[in-house]
Structure formats: C-alpha cells, structure tokens
Amino acid sequence: MATPLSDTPLSPLRTIAVVGLGTMGTGIAEVLARAGRDVVGIDVSEAQAATAVAALEASTTRAVERGRLTAQERADALARVRTSTELGAAADADLVIEVAPESYEIKQQIFRELDGIVRPETILATGTNALSVTRLAADSARPERVLGLHFFNPAPAMKLVEVVSSVLTAPGAVTAVTNLALDLGKEPVAVGDRPGFVADGLLFGYLNQAAAMYEANYASREDIDAAMRLGCGLPMGPLALLDLIGVDTARTVLEAMYTASHDRLHAPAPILRQLSEAGLTGRKAGRGFYTYQAPGSAVVVPDALTPGTGGTQVPGRPVRAVGVAGSGTMASGITEVFAKAGYEVVLAARSAEKAQTAKARIGKSLARSVDKGRLTAEAAARTLELITPTGTYDDFADVDLAVEAVAEDLEVKRQLFATLDKVCKPGAVLATTTSSLPVVACARATSRPQDVIGMHFFNPAPAMKLVEVVRTVLTADDVHATVREACAKIRKHAVDCGDRAGFIVNALLFPYLNNAVKMVQEHYATLDDIDAAMKLGGGYPMGPFELLDVVGLDVSLAIEKVLHREFRDPGLAPAPLLEHLVAAGCLGRKTGRGFREYARR
C-alpha cells in the first residue's frame with residue numbers, strides 16, 4: 001500500500017506533463033520550461049502539438065529580443081520540452097496539469113486513463129475554471145492527489161495561480177504545487193472548490209451583467225466598455241474582454257456557476273447563447289460583440305453597429321458661463337475642470353465663506369499642477385480668475401449651464417432644482433451629478449424638465465476622464481447635445497445612458513464589490529487573497545476591499561441599496577457583513593477602519 005501523501009516528504013516536481021496544448025497549455029509549458037522543469041506536452045492532435053512548439057519558439061524569440069532571456073537560456077528551455085500525442089508519455093511525470101476543453105466527459109476520461117499510467121505519488125491537477133474539482137477527483141483512483149491549478153491567460157505574463165483544494169485533497173499535494181507556483185515566480189492563492197473560484201467567480205458575474213446591459217439596449221457596446229475602462233481604470237471593457245475570453249467559454253463558466261449558486265446574476269444572458277450558437281464567439285471567430293479584422297485578430301473593424309461620426313446631429317445651445325452648486329470635493333473639482341477649459345464659472349455654496357474655501361482648495365490643486373509641470377503659473381492664475389465664489393444661487397442668473405454637486409439626498413437635490421428653476425434664465429441647461437438617484441425626480445422639481453439632464457463626473461474630477469451623460473425620457477435633444485459638446489470642450493469622454501439606478505459604472509461595479517464581500521462572509525477566501533486575485537488575475541488597479549475602504553462603506557451600502565430597490569434582484573441585496581460594518585461605524589479609510597485598519601493621521 002502506498003504511504004499517505006500527507007506523511008510523505010515530496011521530492012521537487014521536476015518533470016511535468018501538460019495535457020492539452022491550446023493557448024493556455026502552451027503558455028503553461030513555456031512557464032515551466034523557462035523555470036527549469038522538464039516538460040512533456042501532450043495533445044491528441046499532432047498538428048496542435050506542432051503549433052504549440054512553433055508558438056513556444058516564437059514566444060521565446062520575442063523574449064530574447066526584449067532582453068528577458070539570453071539566447072542560451074532560450075535554447076535550454078526549448079530543449080526541455082518534448083511533445084507527444086499519447087497520454088502514456090506522462091508515465092514519469094511528478095505532476096500532470098490537464099488543460100483540456102471544459103467538459104466533464106473529456107476531463108474524466110483523461111483522469112481515468114492517467115490513473116493507469118502515472119506513478120502512485122504523481123499529483124494530478126486540472127486547469128478548469130468552471131467545473132467541479134471535487135467531482136473530477138471523486139472519479140479518480142487517487143482522489144487525494146487531485147487538485148485544481150488555475151493559471152490565467154496569458155500564462156507567461158499573468159502572476160496569479162489559484163490552487164484549488166477539494167475536501168478529498170491531501171495537504172501535501174497542496175504544499176507541493178504551491179511551492180512550485182512560487183518557484184515559477186507566480187503568486188499562488190489558496191481557494192476552495194466552487195465554480196469560478198475567486199477571480200473568475202467575481203469576474204464572470206460582472207461580465208454577464210455587462211452583456212445583459214448591452215442586450216437591453218441600455219448603452220452601446222463602445223460606451224459600456226469605455227465607461228468601465230475610464231471609470232474604474234480597467235485594462236479592457238467587459239464586452240471586449242468577453243470577446244477575448246470567448247463568448248462560448250464565458251457561457252460555459254456562467255452555466256456552471258448558476259448550477260451551483262442559482263443566483264440570477266450568474267444565469268447567462270440570452271445574448272451569450274445567441275452569439276455562441278451563431279458561431280460568433282469573439283476574437284477567435286473574427287466576430288462576437290465586435291467585428292475583427294480576421295479570426296484571431298485583436299484589431300476591431302467598423303461594422304453596422306459602429307457609431308457614426310457625421311450625420312444630422314442636433315446642435316447644442318451656446319455655453320459661455322457655468323454655475324456649479326456645492327462646496328465639497330466634487331464641486332471644487334468640476335469647477336476647476338470648467339475653468340481650465342476657459343469657461344467663466346460661478347461657484348455657489350450655502351455661504352460665501354464655504355465658497356471661498358472651495359476656491360482656495362482649487363487654488364491649491366492648481367498649484368500642485370504647476371509644481372508637477374502640468375500647468376504654467378500664468379495658466380493657473382487665469383483659471384483662478386475665471387472663478388467667482390458666492391453664497392447665493394441668485395448669481396446663477398446669467399449662467400448657460402448649471403451643474404449641481406451637493407449632498408446625495410433626493411430631497412436636498414429637489415429643493416435645489418426648484419431654486420435653480422427660479423433663478424436660472426430660460427434656456428439654461430440644468431445638470432445633476434448624482435451617481436444613484438433618479439435624474440427625472442430632479443427634473444420634475446422644475447417647470448422645465450426638458451432642460452434637465454444627468455452629468456455624472458467621477459472623483460477626482462480633474463483627473464478622471466469619464467462623464468456619464470444621463471438622459472431622462474423628458475430631456476430635449478439639444479440639451480443632450482449641449483452637454484456632449486461641453487464634455488468635449490473640457491476634454492472628458494462622454495458616454496450615454498438612460499436614467500436608471502447606477503447608470504453604467506456603478507450598476508456593474510457595486511454588484512461585483514458586494515459579491516466579494518459575500519465571499520469573505522462565507523469564509524471562502526481572505527480579504528488579502530481576494531484583493532490579490534483581482535489585481536493579479538483581473539488586472540484591476542485595486543482589489544475590491546481596497547476600493548470599498550476608499551469609496552466608503554456607507555456610500556457603497558447606499559448605492560447597493562438603491563440598486564437592490566430598483567432591480568428587485570435578490571442577488572443584489574447588500575451583504576449582511578457590509579451592513580454590520582456600517583452599523584458599527586467602520587466606514588473605511590475616513591474613519592480609520594473598514595475592512596482593514598488604517599493609521600490615524
């Protein structure tokens with residue numbers, strides 16, 4: 001009888017077989033070979049194996065050209081790789097990594113065959129991101145040696161590796177592959193067996209919602225993608241990412257997640273099925289949400305859905321002077337943005353003192369820009385001269401565009417819009433910067449709802465390029481055109497959307513943040529592992545808990561409540577852990593404690 005794995009000191013994993021030489025398998029083989037491992041690449045297709053070798057040769061050539069490998073290191077790495085079309089070639093492997101297509105039948109057949117081929121101590125790892133590791137392990141003759149080893153694409157570049165244990169996995173196997181991942185220069189994260197694990201578990205729900213948002217014709221594909229890139233700092237928009245991953249692959253992952261969770265947020269959007277069944281699976285097919293130059297190309301080409309650049313667009317109203325209502329960070333930032341673009345700006349607060357304080361804050365911001373060489377001292381002085389602080393909204397009498405940036409309280413905003421209705425001249429455009437409240441409710445507080453629109457800036461306004469332009473069912477075409485033209489003049493990227501909770505960014509961002517909280521609440525993974533997974537596996541600039549603490553847990557909870565109230569989806573109900581932290585006064589960085597503790601300043 002074999003000695004139990006957990007009691008056996010493991011020799012280093014030196015010889016590793018990779019079963020399945022598609023893009024992921026080829027990338028894993030390259031990582032292993034460059035780290036000094038002997039690699040056996042196995043694929044049922046001789047042509048695919050040859051393609052993998054050619055890809056390895058090309059990739060390592062590029063690495064030499066970029067100074068990341070020497071010519072000798074390249075030669076040594078390639079010499080460590082051999083390929084085969086037979087699973088029997090894995091007989092001497094210390095570890096087998098399976099990255100075959102996402103099908104239980106295919107993977108189970110591979111594992112059954114491997115049971116009769118490999119040594120008793122050989123570890124078997126599946127690269128699945130959608131299927132149950134436990135189910136695959138249970139069908140193996142040695143379930144204690146089966147685990148998940150989930151690399152991210154492209155494997156040579158992406159640092160994250162999720163090490164997935166089932167209830168059957170021996171601790172020694174986990175230790176062995178975790179040490180291997182570290183030796184490969186990766187950052188391993190230990191997770192349990194559930195569909196999507198951490199990174200994809202959070203990512204695919206977000207991608208699914210983006211697909212549903214597009215399918216509902218709420219916003220264009222270009223605007224959805226631009227909103228998430230510019231509003232959240234993501235490397236790719238969700239629809240472009242779905243095309244890169246493969247629409248069919250995404251649908252498979254979501255089906256597995258929905259089967260396990262029965263959460264409607266994971267139920268694949270119908271458009272994913274429609275595109276998959278039509279063969280429009282993304283970049284690999286040359287067409288998915290976007291159209292590409294050729295199958296496999298990353299170059300997007302115009303198609304029937306591409307927005308036109310000309311046409312008979314309604315002209316906007318002339319804007320010379322802008323009024324900004326409020327004295328907080330957002331109001332100051334918006335004022336700075338308009339003044340920098342050459343607009344005369346009236347900055348109105350509840351008192352002249354608050355308005356002067358806000359102008360002084362803008363002065364300090366401009367001074368920092370001068371110090372960093374982004375602005376000349378003369379331009380900063382001219383910008384400041386264009387700003388007139390005041391303690392009364394009566395001074396909005398001559399503005400052409402009034403932008404409200406006061407507290408996120410509907411009654412406060414409605415009262416302000418009623419005041420603006422009285423003091424602003426006929427034809428002035430009235431805009432709200434709300435991030436979560438109905439724009440139409442502000443519009444109905446006036447006698448001219450056709451002149452009211454949403455203009456949602458992101459904080460800090462001088463740095464963030466995105467503005468969500470929110471039309472109500474009552475907004476006039478020339479009002480929409482006015483705001484679009486103003487956005488262009490202040491050098492912001494405007495995206496169009498309708499008047500519903502969360503608009504684009506918050507409607508996609510906060511359910512993702514809420515699901516991250518649920519993972520911690522359910523003790524599935526730690527704060528640090530989840531944050532690391534999303535930064536390293538998803539390319540996010542901040543992990544979800546870092547971001548929640550920056551935004552403020554109270555602000556986040558308020559937005560999640562609005563989304564839940566509007567869409568009535570049980571999956572959008574705020575996580576109880578978030579509610580408990582807010583009730584305890586742990587609101588994030590601003591209070592010194594949120595999900596993490598911070599040093600008091």
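Among residue pairs with one or both ends in residues 237-247, those qualifying as side-chain hydrogen bond (donor to acceptor under 3.5 Å, both in side chains) are Asp243-Tyr292; sequence neighbours excluded. Within the structure, the side-chain hydrogen bond (donor to acceptor under 3.5 Å, both in side chains) test picks out no pair touching residues 566-582 (sequence neighbours left out). Residue pairs meeting the side-chain hydrogen bond (donor to acceptor under 3.5 Å, both in side chains) criterion with at least one partner in residues 465-478, sequence neighbours excluded, are Arg317-Asp478, His456-Glu468, Arg471-Asp477, Thr472-Thr475.
Here Lys413 contributes atom NZ and Thr434 contributes atom OG1; the two are 5.0 Å apart, rounded to the nearest 0.5 Å. Atom CG of Leu124 and atom CD1 of Ile97 lie 11.0 Å apart (nearest 0.5 Å). Taking CE of Met228 as the start and CE of Met236 as the end, the distance is 13.5 Å to the nearest 0.5 Å.
Side chains of Val467 and Phe458 form no contact here, defined as non-hydrogen atoms less than 4.5 Å apart.
Residues satisfying the side chain to side chain contact (heavy atoms under 4.5 Å, CB included) criterion with Ala55, sequence neighbours excluded, are Thr26. Contacts of Asn129 classified as side-chain hydrogen bond (donor to acceptor under 3.5 Å, both in side chains), with partners at least two apart in sequence or in another chain: Asp200. The salt bridge (Lys or Arg N to Asp or Glu O under 4.0 Å) test applied to Asp223 returns no partner, not counting sequence neighbours.
Donor-acceptor pairing under 3.5 Å is lacking for the side chains of Thr252 and Glu102.
With a 6.0 Å cutoff to the six-membered ring centre and a 45° limit on the axis angle, Arg135 counts as a cation-pi contact of Tyr104.
Between the Asn208 side chain and the Leu265 main chain, a donor and an acceptor come within less than 3.5 Å of each other. A donor-acceptor contact shorter than 3.5 Å links the side chain of Asn514 to the backbone of Ala573.
Applying side-chain contact (heavy atoms from CB on, under 4.5 Å) to Thr128 and the options Leu149, Val133, Val99 leaves one that passes, Val133.
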